[in-house]
Structures are given as structure tokens and as C-alpha cells.
Amino acid sequence: MPYGKVDELAINTIRTLAVDATAAANSGHPGAPMGMAPVAHVLFNKFMTFNPKNPDWLNRDRFVLSCVPYAFLYISIPAADMSIAHSCRRCDLNPFSAGHLELETVVFLVSAMPCHVNGHGCMLQYALLHLFGYALSIDDLKAFRQLGSITPGHPEAHDTPGVEVTTGPLGQGFSNAVGLAVAQAHTAAVFNKPGYDLINNYTYCFFGDGCAMEGIASEAASAAGHLQLGNLIAIYDDNHISIDGDIKCAFTEDVMKRFEAYGWHTQWVEDGDHDLEGIEAAIAKAKEVKDKPSVIKLTTTIGFGSKLQGTGGVHGNPLKADDIKQVKAKFGFDPEKTFVVPQEVYDMYHKHAADGAAAEQEWNKLFEKYGSEHKELHDDLARRLTRDLPEGWQNKLPTYKPTDPAIASRKLSETVLEAIHDIIPELISGSADLTGSNNTRWKNAIDFQPPSLGIGDYTGRYMRYGVREHAMAAMMNGMSAYGTTIPAGGTFLNFVSYAAGAVRLSSLSHQRVIYIATHDSIGLGEDGPTHQPIETLAHFRALPNMMVWRPADGNETSAAYYMALTSKGTPSILALTRQNLPQLEGSTIEKAIKGGYVALEDSSAAITLVSTGSEVGICLEAVKTLKSQNIAARVVSLPCVEVFDAQDKEYKLSVIPDGIPAMSVEVMSTLGWEKYSHEQFGLNRFGASGPYKEVYAKFEFTPEGIAKRAVATIDFYKDVKPLRSPINRAFQQLI
């Protein structure tokens, strides 16, 4: 059916809503929505299947907006306070988001901030969600970027219905889309049966030059090509503009040739501003390609219709008043009215939404029938969608006695995976090319691979991410967001820093993702300072909504997995050793799931030693050294400070009490340990290469070295009466 006046009106409605919302907020990015409105209209109205009344329907098509590279941030400073400008080096939030201050001002460009997927061009997505009937009203559009709205400056999946993923820096959304496609391919391979094509949705992604420049997108595109994800269609907004102007100043490669080399099917629609038929044909052709992901290069004009179209001037700030008026007049809208949606546009889009609702009803009938023939699979899929784990799964977790042999916690982690993988079929493990070191693969695992390679298939539950740590993390965010899988991925703890951008978004988007981070300290030994984490745990412990576990033995490792798997909205990092650890006398899963507990009690203790991981066992040995000097000590294991922080104050004070000094012991940065100790013994320098026991001895992380510092701590605080526990604070921090 040919495109007509209503289609043109719908496209221009998307554009004017973006113009009005960014103008009302005096913040945001109208350029990309104006340029990408035609392809968004074609994609959503002609191809995508979804039900706005149930945004979580499993078989909906997924959409990820991973374009719009940057946005300017302006603030207005009173002329009398010009000196303030000299201290403004970087600002991540606009404190004057409601508009310029009503003062005589000077306007400063504070920063040119990278926008993420669903970034400052997010009004494209918000407009579409509203028009199709999601629970996002016209008043929500008017509240764009305002405090407490569901249309924040960058969409967050847990805030806004219809937003699939929360992303951040450029390339994240693209990589999330690859993860969504992986999860779809796996879920389809497991559950689809003859006559029951239950899972057949596509993942669509818009991305731009900024994403194409980012290394993470290259990693993910390479992985997608290898995996032959024919359910993934990406549309490349080729508008030639980034924050520095025309991209010829920095980015002159042939993006399509690069994607072709990655194994993608490529097409080019040269007139993305007008050629709706060409756009439709390209998407239709992409859907016919089943053995490759597809990318469509779409040449568009950023800010189409604006006086500044095609320039960086429309890239990162609202249009000026006169430009807004001429844009609306050009598109047939009243220049004096705002947030106008013609009824025929609502009617067109609501009809498509009704078709999606009908498709879900048919799917529900098919799923019910599926249950009569494949009851076990039906019940498994239905359970997964609740995000609940199988009943009794925790009984499979290994437990240990003090008489059991010393084992590295990376091996203890492997034992957990071996024990639980059958009872938790949604668990998908993997590694960034460190399988043998991370111990992330159970013995009978099948690799997730395209069947054509003959080395696995899409039912496989082991991901070979290759040396792509950042893409691995972002793909896992997408896999988790799909709703049917729990991804776990391994690398060395030091190299989780490579993935930090995506790890942060795991937390912000409340994804149940597990990072298996082995070789967690100077205990890795000979590989030396380049591989030995120092600052890493302090970094990730500072990250909100992230559990960082550093278990000291087998029971604590099982506890870490228990919490990681049962915390539906919190990701976890499991910091695991290369070296063997003894099984502790006082540890149990029940104690460890509180995040901290007393590993050795002594009512006459003169000091509390607070420690994690491999150092807990050394602290227990240090107690013996202190005892030989007639000094009693108690030991606390604190495998997860985030979980410990969530316990009630009475419990925390029973673990780290008033009246005696506490000293923390951990072979990495001491930053943050003042919350739990009066004195800190750590490593605020880089490590050293050598056998790990010699490295520990060099830095005095030995029973004798700990005891020496414990004695100094006791002596230093002996006259402080009363000595308050570091748990006792004047006020509670916001968490």
C-alpha cells in the first residue's frame, strides 16, 4: 500500500513533538528525531509487532535507540559571578534544567557530553511510545527531563514502559541489541517445536556515527557476525554530523565495508528523508536474510526542516523560537500551538497497536495449546517470565566443612556452576576467552554457536565472547533484559575495568547479571602488576546497586551465588582467587548471605580484624600470633559490604562492636574501609611479579605482618574512651 498524506502527517508529528518537548525543557536533542522520524514511522507501523497495553509480552519485537552521539550542556552564570566559570571543569547534570536563570547572565558551554543510546535524541522514542498508546501521556512528554517524570533525559527501562534497555555511553545500546538477539535465538531454539513457533521476534536497533566509532560497538558487531544472528537488524543513521561538526574531520572509514567484513548483510538507502518505499523494501529484504545480522545504511539530514538542518548547530540543543515557528509552518502545523497530535495520526498508530494486541491474544492461545503437548517446557518458560528460580534449587549449593581441602575460589565457583546448571536452565555462562582460567564452563556444556559451524548450536548455554570484555558485559545486559535468561560471564577482575561502562549500566538498569571475576589480587602472582587489581574493588563497591562479593571459602562462594541469583534487580561481581583457600571454621551459607559475620569470636578480644577473601584465613592465623603475645583478637569476614550495609544496625554492631578498635585487612586499596574499621591495612600501590606467597610476604600480608599492625592499632586507641564502632555514624547515607 503506497504512502500518503497521513503517513507524512505522522512523520511530521513525531518531529514537532520532539521540537516542542526539547524547547519546553530548554534541554535535549531535536536533531536526530527530526532526521530519523521517517524510518521510525516505517519500522514501527509496518514491521514491528508489540502490544502497548502489555509492554512485557515475550514475543514482542524489541527496539533499541543507539544513536545521537553528543549533546551540549549550557549553563547561565550571573555576570557578577564570572569567577565561578573558572572552576567549572565538568558537569554531568544541568542544575538549571528548567531554563536560564532570570538574571543578567553570561552563557558558558560547560561540557560536550557523550549521549547514550536513547540519549538526547530520546524524544524520538518517547514520541513513538505516546503515539502508539503506551502508558506515556502527552503530559509526560511535556514533563520531558523534569524531576520525577517518566521521560527522563535518558530513558531508563525500569522507569518508562516500552523502553527495553537502559544504556549510557555510545555503543552500549548497539551491544545490548546483540545481547537481546542472542537471548531470542537461544529461547527460540529451546522452546520452539514443530507447529509452535512461539519465539520469532526481531531486535531492531538505530545507531549513528558515534556508536560506529566506539570500540564496544565494534566488539559487539564482530560477535554478532560470528554468531550469524539473523534476528538482528540495525539501521545506521548516516547523517555525517558529530559534536565536532562534519565527521570527515575524524571518521572517514567505510562503515559498510567494515560490517561486511564482520559477516553482516549490508544495504544502503540513499534518501532517508523521503524514500519511505525504499526504507520499507530494505527492512523487508533484511528480514529475509536468516544467516546474518543486517545493517541498513540510511543517509538522513539531521534536524530535517530546521534552518540549521544538516549542521552541528541542530545537534545538541533546542531550536530557537523563530526556527520552531518556521518548522511547524513548513510541516503544516499551527506555529502558535504546541504538543499537537492530529486525531488521524492517533487513529493510524492505535490501529497498529490493536493489531499487536490481537497478535498477543493469538500467541497466548498458542502458548496454552503448547502446554497441553509440551507441559514441562511450557511450565519452565512460564516460570522464567516471573523471574523466579525453580523451587528447591538452593539445596544443590555445595557446602563445606573445615576438614575439607583448601581450594581456589575460582574452582569453588566452578563447583557451584556444575551443581546448579541442570536445575536453573536459564543460567547461561561464558567467558571472554579465559574459560580455562575463569572455570566458567560445566563439563557437559554445549556452546552457543551457529549450527552451521558444527561446534555447538543455539540451545547452547556457554558463550564464547572472545577477547571482548566490554561487549560481553553489554551483551549480558541485553540478554538479561530479554527476560528468559540469567547471564554470567568471566574475565580477570582487573579486566572488568575494561567493561566498566556496561557494568555501571547493569546496576542502573537493575539487570540480574553475574560477573565471574577471577585472579582477584596480588595472589595471582607471576603475571605481576599489569594483571593484579588494586583499585578495582573500591571502584565497583562505590557503584550503587552492585553487589561485590569476595568470598573467603566454599560456603561463602555458595552464598555469593545464592544472593546473585535471588537478587532479581541487582547485578553481582564475584571476585575469586587463583590460589587455594582453606575452608573456615565459622563459615556457613546462612551467615555469609548477611554480607558479613563473625568468623571467630572472643569476648576478651582487644581488636577486631575485618577482612575479605584470601586474607580472612591469614587473619585467623594472625590471631594465633597475637595470642602468643597474650593479645586476644576476633575476626570478621565481610564478603559483601553492600549486603552487610543493608542489615539492621543492631546486627552490624554485633559484628563490628563498640569498645575495641577494628582493623581492616585486604590486599588492595584501603579506600572505603574507613566505614568498617578504625585503621586499614591494604595496598595503595601496584603489586609485584613473583610467586604469590613471596609477593604476600614482600608486602607483609602474613600472620606476623597483620599482628604487628594490630598491636600498633591497639596501642594507638588504648586511651580513646569510649571508642565507638565505625558503624556508629551521625546520619545514614542515602542508599
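By convention here, the first residue in the shown sequence is residue 1.
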- Minimum side-chain heavy-atom gap Y236-L298 below 4.5 Å: no

- Query: When you check the side-chain N and O atoms of T485 and R384, is any donor under 3.5 Å from an acceptor?
  - Reply: no

- Message: One pair to check against ring-ring contact (aromatic ring centres under 6.0 Å, His included): Y204 and F174. What are the steps and the verdict?
- Response: CA-CA 9 Å; Y204 298 96; F174 182 96; over 10 Å; no

- Query: Between the main-chain N or O of L9 and the side-chain N or O of T13, is there a donor-acceptor pair closer than 3.5 Å?
  - Reply: yes

- Message: Check this for me: does any side-chain nitrogen of one of K307 and D322 sit under 4.0 Å from a carboxylate oxygen of the other?
- Response: yes

- Query: Do side-chain atoms of W264 reach the backbone of A221 as a donor and acceptor pair under 3.5 angstrom?
  - Reply: yes

- Task: Please determine which of L508, N477, L543 meets the side-chain contact (heavy atoms from CB on, under 4.5 Å) test together with V503.
- Result: L543

- Looking just at side-chain N and O atoms, do Y349 and H130 make a donor-acceptor pair shorter than 3.5 Å? no

- Note on the structure: In short, I241 meets G310 closest at the heavy-atom pair CD1-O, 3.5 Å

- Candidates D20, T16, T338 - the one meeting side chain to side chain donor-acceptor pair (under 3.5 Å) with K328: D20

- Item | Pair T166, E156: side-chain N/O donor-acceptor within cut-off below 3.5 Å | no

- How about Q172 and H470: does a side-chain donor come under 3.5 Å of a side-chain acceptor? yes

- For residues R258 and S218, determine if any side-chain heavy atom of one lies less than 4.5 Å from a side-chain heavy atom of the other. yes

- Message: Under 3.5 Å, is there a donor on one side chain and an acceptor on the other for H274 and D271?
- Response: yes

- To the nearest 0.5 Å, what is the distance between CE (M123) and CZ (R145)? 11.0 Å

- Which atom names give the shortest non-hydrogen contact between D7 and P2, and what distance separates them? OD2-O, 4.5 Å

- After noting the C-alpha distance and the side-chain angles of T300 and D273, does the key distance pass the side chain to side chain donor-acceptor pair (under 3.5 Å) rule? CA-CA 6 Å; T300 67; D273 298 330; 5.1 Å; no

- Task: Applying side chain to side chain donor-acceptor pair (under 3.5 Å) between Y482 and each of T203, T187, N201, report the one that passes.
- Result: N201

- In chain order, what residues pass the side chain to side chain donor-acceptor pair (under 3.5 Å) check against E360, with sequence neighbours excluded? N51, N54

- Please lay out, stage by stage, how W57 and W363 fare under the test side-chain contact (heavy atoms from CB on, under 4.5 Å). CA-CA 10 Å; W57 172 39; W363 188 91; 3.5 Å; yes

- Query: More than 12 foreign heavy atoms under 6.0 Å from CZ of R60: is that the case here?
  - Reply: yes

- Item | K330 atom NZ, neighbour heavy-atom count above 12 within 6.0 Å | yes

- Task: Decide yes or no for L131 and L17: does some side-chain heavy atom of the first lie under 4.5 Å from some side-chain heavy atom of the second?
- Result: yes

- Sequence neighbours excluded, the answer for side chain to side chain donor-acceptor pair (under 3.5 Å) partners of T386 is D388

- The side chain to side chain donor-acceptor pair (under 3.5 Å) partners of D275 (sequence neighbours excluded) come to none

- Would you check if the side chain of Q511 reaches a backbone N or O of L505 as a donor-acceptor pair within less than 3.5 Å? no

- Assess whether atom NZ of K568 is packed by more than 12 heavy atoms of other residues, nucleotides or ligands within 6.0 Å. yes

- Query: Side-chain contact, heavy-atom cut-off 4.5 Å: Y202 with I233?
  - Reply: yes

- Note on the structure: dist D159:CG -> S509:OG (nearest 0.5 Å) comes out at 11.5 Å

- Check for a donor-acceptor pair, side chain of R504 on one end and backbone N or O of F540 on the other, with a separation under 3.5 Å. no

- Message: Quick one about Y126 and D140 (side-chain donor to acceptor, distance below 3.5 Å, no hydrogens or angles considered), yes or no?
- Response: no

- Pairing of E642 and R541 as salt bridge, 4.0 angstrom limit: no

- Beyond-backbone contact of V163 with L129, side-chain heavy atoms, under 4.5 angstrom: yes

- Message: Strictly distance-based, threshold 3.5 Å: is any side-chain N or O of T311 a donor or acceptor partner for the main-chain N or O of G313?
- Response: yes

- Query: Between D355 and K351, is the closest basic N to carboxylate O distance under 4.0 Å?
  - Reply: yes

- Of all the heavy-atom pairs spanning A37 and R15, show the shortest one and how long it is. CB-CG, 3.8 Å

- Message: Could you check, using the six-membered ring where one of them is a Trp, whether F206 and F63 have ring centers closer than 6.0 angstrom?
- Response: yes

- Would you check if N239 and T301 make a side-chain contact, meaning some heavy-atom pair closer than 4.5 Å? no

